[in-house]
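Here's the structure we're looking at; comments come further down.
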Amino acid sequence: MRKLSTIPKLLLFLTFPVLGFAQSNPVLGTGDITSVNIAGQKVSFTTTHAHGEVTVYSPAVIRVRLDQKDLGKDFSYAVISKPVKTNVTITQNEQEITVKTDSLKARITKKPYSITFYTLDDKVISQDEKGLTTSWVSNEVTTYKKMQEGERFVGLGEKTGNLDRKGSGYTNWNFDAYGYSTGQDPIYSTIPFYMGIHHGLNYGIFLDNTYQSDFNFGASNNRFSSFGAQGGEMNYYFIYHQRLADIITSYTALTGRMNLPPLWSLGYQQNRYTYYPETEVFRIAQTLREKKIPADGITLDIHYMDQYKLFTWDKSRFPNPLAMNKKLAAMGFTTTVIVDPGIKVEKGYQAYESGLKENIFIKYPDSTNYSGQVWPGWCNFPDFTSEKGRSWWRNEVKFFANTGVSGIWNDMNEIATWGNKMPNNVLFDYDGAIASHKQAHNVYGLQMARSSYEGAKASMGNKRPFILTRAGYAGLQRYTAIWTGDNRPEEDHMLLGVRLINSLGLSGVPFAGMDIGGFIGTPGNSLFARWVQIGAFNPYFRNHAAVNTQSSEPWTHGEEVLEVSRNYINLRYKLMPYLYSTFFEATQNGLPVMRTLAIDYTFDAKVFDTQFQNQYLFGKAFMVLPFESTKEFGNAYFPKGLWYDLYTDETQTGGTEKILRLSKNKLPVYVKESSIVPMQSLVQSTQEKPADTLVLHIYKGALTNSFVYYEDDGQTFNYEKGDFYKRKISYDPIKRSIIFEQAEGSFPSKFNQLKIVFHGFSEADKITGSTAQLNKGQQIRDEFNSFMIPISHFDPQGTANPAEGAKVKSLILNNASAQFVITY
């Protein structure tokens with residue numbers, strides 16, 4: 001091999017360009033800041049090779065924009081908030097610019113450009129990697145951050161892999177990932193928001209760029225973490241709070257929070273690809289009622305349509321869909337139907353002819369409508385990035401309301417076509433900015449879900465619609481729930497689903513679920529039973545199975561599995577007051593319903609351990625421990641505090657590990673000390689009124705805690721006008737009291753009585769009240785509390801196992817709206 005020293009110098013220069021010569025360097029850095037303009041909360045600057053802005057959005061949020069050309073129009077499909085007036089101090093000298101708020105500081109180095117974020121006492125939160133900072137490779141832009149010692153990374157939405165993303169890299173490009181593996185990336189949706197954790201600090205970064213984006217958390221390098229996109233500008237929001245939960249709250253202040261869903265959508269949903277004809281739909285509904293399996297929803301997949309054509313019903317299978325849906329409603333069921341974006345190219349087909357007339361389809365540069373193959377055959381696709389396209393869809397969606405449908409399930413909206421290779425030269429309106437497929441691809445699903453939500457809301461009067469999507473982008477929580485796509489009936493897929501939902505929750509999406517039992521194939525009996533147990537503690541609870549698989553309703557897996565499934569679905573319905581109140585909390589602060597332990601125990605290394613990473617909280621009270629159905633023993637970790645076994649009230653001290661004996665009939669669930677858990681009597685549907693006693697379970701503990709109990713009609717938007725019932729309930733271990741504050745709102749509670757159940761309290765706790773309603777002869781009662789019906793011994797005697805439960809104390813009182821206090 002020829003020695004390097006013998007290569008002619010000119011050839012050496014051409015082959016290995018010197019970094020200082022930008023014109024010959026394929027990697028273009030930002031360069032030095034050459035001019036600065038400070039105006040209010042914004043610093044604008046130019047550098048040797050770029051234009052930039054640093055804007056204070058709020059005391060805890062700073063936005064950074066960089067581009068090789070003048071910064072363009074400030075437009076986002078994700079961010080809906082504007083900068084709020086903030087106490088900001090901006091100073092500069094020859095070396096740097098300092099931006100300071102009441103929460104953090106940013107120092108922008110001038111030669112060369114780089115930015116570092118500090119706490120007010122000068123601890124480094126996050127900093128650009130020196131020598132790399134932000135650079136371009138052709139149109140691709142990437143920002144490099146110094147990887148701090150011991151740094152962890154969480155979030156990024158619907159991403160496979162471990163809770164801690166350290167050592168991995170990810171790509172955001174919405175993809176029809178049928179039967180995806182547990183390590184496959186990308187899959188269906190894009191949420192380019194993550195949080196870094198190190199040295200007792202945590203921060204969030206949201207890259208708002210809709211091109212394909214890539215995140216590297218130390219994959220194939222030991223120097224940096226990075227985030228970048230294949231086109232567009234570098235545009236990210238840096239968020240700092242002391243608590244991880246507050247970072248999520250600030251992120252959802254930027255991208256919006258969910259609206260209250262209809263109550264029925266929190267109930268059990270029975271799905272299949274596909275239930276048809278209508279006699280089969282009624283058989284499923286009737287069997288659910290006969291077998292006393294509470295349920296609220298029946299979902300119809302593509303076979304309800306006439307030859308898979310959207311906005312049609314197959315008249316041979318469903319001769320009168322409105323009458324069918326009215327009959328289902330009378331049985332306590334609400335109907336959801338699937339919709340795909342593809343409109344079949346067929347003369348005389350109403351949706352196609354209407355779309356042509358309104359000129360709403362995406363196009364090639366020569367103005368020809370793009371055609372791709374999906375279920376109906378060759379299809380054109382509405383442009384949901386144009387107001388004209390969204391308006392057309394909103395009008396078409398009336399079709400579903402007119403036939404008695406209340407839920408719209410958006411599928412295939414990545415966009416998915418046979419071949420999964422839509423050409424990049426297809427053009428989208430992008431709300432007047434005209435974008436290629438490269439820029440519009442990742443927001444297509446979000447804009448379809450938005451259009452479905454807006455159309456359903458406009459056509460359903462004052463009733464809340466339910467929208468579900470497979471694909472989306474940051475901000476999708478404003479319009480829709482999401483499920484994790486076409487999973488498989490395998491143990492590791494069940495646990496992956498837990499991590500996917502938890503990661504979506506970290507990324508601002510509280511309403512998420514997975515196909516219980518696995519979509520592609522048939523689960524074994526024990527796997528199905530365990531999956532239903534976990535599903536009862538998922539925000540969205542749906543059972544789904546593919547065509548040409550064995551039926552997978554609870555009764556198809558045998559009597560024992562039926563009893564196990566019924567037990568946990570029953571528990572879900574009894575917990576509906578707790579669950580609905582937790583969803584209300586999500587509308588207020590963006591925190592998830594199902595939350596990884598990393599939110600509340602961020603700096604406890606054990607919660608990131610792969611053997612414990614699947615444990616999660618369901619609301620603030622319950623810790624759920626998912627294990628494979630095949631395991632007889634499982635290692636559990638209990639974070640700091642005191643934990644009550646849900647079934648027996650046995651306590652476990654936190655900061656410890658414990659090996660649990662596992663049973664296929666029972667999912668390990670624990671209740672955090674000082675928890676307040678409202679429950680109701682069992683109903684078969686949320687349309688059925690429960691008994692008029694609200695049961696409040698109080699777990700004795702050393703932590704101060706509060707719970708906001710919330711009610712409304714569960715169906716309409718009247719709550720926006722004050723028609724709700726809201727009451728804060730606080731547990732104070734120092735004052736040894738439980739405080740029921742004055743109820744707010746004009747909605748009368750459906751519960752006239754309160755039953756307070758005291759867990760972990762002893763005879764030494766003298767439970768008394770300070771108001772008249774507690775002084776009318778009510779007495780503290782001793783009773784046995786059990787949350788589960790014993791599973792039968794399946795032998796000729798047919799006897800049951802003994803009931804599991806605990807001795808508790810209880811007190812019944814009137815549910816008056818005035819403030820009152822219970823002391824102990």
Side-chain angles (χ1 to χ4, degrees), residues 157-161 171-191 269-275 299-305 308 336-342 372-375 407-422 441-442 444-445 448-449 467-472 476 480-501 503-504 509 512-524 527-528 531-532 534-535 538 540-553:
E158 190 186 48
K159 290 296 180 186
T160 60
T171 294
N172 286 314
W173 184 254
N174 295 355
F175 182 71
D176 177 8
Y178 180 81
Y180 54 94
S181 71
T182 57
Q184 185 171 332
D185 182 71
I187 53 175
Y188 303 97
S189 67
T190 290
I191 305 179
Q269 313 291 314
Q270 187 63 58
N271 298 17
R272 180 167 174 79
Y273 168 33
T274 300
Y275 291 134
T299 300
L300 304 181
D301 213 308
I302 58 175
H303 291 101
Y304 80 87
M305 297 182 237
Y308 311 130
T336 298
V337 298
I338 198 169
V339 297
D340 296 341
Q373 257 186 315
V374 206
W375 299 112
I408 298 177
W409 167 19
N410 299 266
D411 194 27
M412 305 291 285
N413 54 347
E414 287 77 24
I415 302 171
T417 56
W418 304 157
N420 266 322
K421 199 68 177 176
M422 180 177 285
H441 177 89
N442 281 338
Y444 190 83
M448 181 182 178
I467 308 297
L468 182 66
T469 192
R470 191 170 76 176
L476 68 90
T480 182
I482 190 171
W483 99 106
T484 60
D486 298 334
N487 59 357
R488 305 200 302 247
E490 299 163 8
E491 302 281 350
D492 58 354
H493 251 270
M494 175 178 67
L495 298 181
L496 170 64
V498 168
R499 294 195 300 280
L500 288 173
I501 298 171
S503 187
L504 284 161
V509 183
M514 55 179 156
D515 284 345
I516 302 302
F519 177 67
I520 303 167
T522 303
L527 175 59
F528 181 84
W531 217 323
V532 170
I534 294 171
N538 288 174
Y540 179 55
F541 186 19
R542 93 170 192 175
N543 175 342
H544 193 32
V547 69
N548 292 325
T549 63
Q550 176 185 313
S551 293
S552 200
E553 297 80 28

At their closest point, which heavy atom of [X] faces which heavy atom of [Y], and how far apart are they?
X	Y	value
Pro523	Gly521	CD-O, 3.9 Å
Tyr304	Ile338	OH-O, 2.8 Å
Ile534	Met494	CD1-SD, 3.7 Å
Arg488	Gly179	NH1-O, 2.6 Å
Glu553	Arg272	OE2-CD, 4.1 Å
Gly497	Met514	CA-SD, 3.4 Å

Would you say the side chain of [Y] lies within less than 4.5 Å of the side chain of [X], judging by non-hydrogen atoms?
X	Y	answer
Val374	Met412	yes
Asn410	Ile408	yes
Met305	Trp375	no
Asp176	Arg470	yes
Tyr273	Ile302	yes
Thr417	Gln373	no
Asn172	Lys159	yes
Asp185	Thr171	yes

[atom2] on [Y] to [atom1] on [X], rounded to 0.5 Å:
X	Y	atom1	atom2	result
Thr182	His493	OG1	NE2	6.0 Å
Glu158	Ile191	CD	CD1	8.0 Å
Leu500	Thr160	CG	OG1	7.0 Å
Ile482	Leu468	CD1	CG	8.0 Å
Met448	Ile415	CE	CD1	9.5 Å

Original post:
How about Thr190 and Asn174: does a side-chain donor come under 3.5 Å of a side-chain acceptor?
Top reply: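 A donor-acceptor contact under 3.5 Å links the two side chains.
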**OP:** Decide whether Ser552 and Asn543 meet the rule of one side-chain donor and one side-chain acceptor closer than 3.5 Å.
**Re:**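 Result is no, nothing qualifies.
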Quick one: does any side-chain atom of [X] pair with a main-chain N or O of [Y] as donor and acceptor, under 3.5 Å?
X	Y	result
Asn420	Ala416	no
Thr469	Ala449	no
His303	Tyr275	no
Gln550	Thr522	no

**OP:** Going by the side-chain contact (heavy atoms from CB on, under 4.5 Å) test, name the single residue among Thr299, Asn487, Asp301, Asp486 that passes it with His544.
**Re:** Asp301
**OP:** Could you walk me through whether Asn271 and Thr336 pass side-chain contact (heavy atoms from CB on, under 4.5 Å), step by step?
**Re:** CA-CA 9 Å; Asn271 298 17; Thr336 298; over 6 Å; no
Original post:
Trp483 and ring pair (Phe, Tyr, Trp, His ring centres under 6.0 Å): which partner among Phe519, Tyr188, Phe541, Trp409?
Top reply: Trp409
Original post:
Hey, mind stepping through Tyr178 and Ile520 against side-chain contact (heavy atoms from CB on, under 4.5 Å) and telling me if it holds?
Top reply: CA-CA 9 Å; Tyr178 180 81; Ile520 303 167; 3.5 Å; yes
**OP:** May I have the step-by-step check of salt bridge (charged side-chain N to carboxylate O under 4.0 Å, His left out) for Asp515 and Arg542, ending in yes or no?
**Re:** CA-CA 6 Å; Asp515 284 345; Arg542 93 170 192 175; 2.8 Å; yes
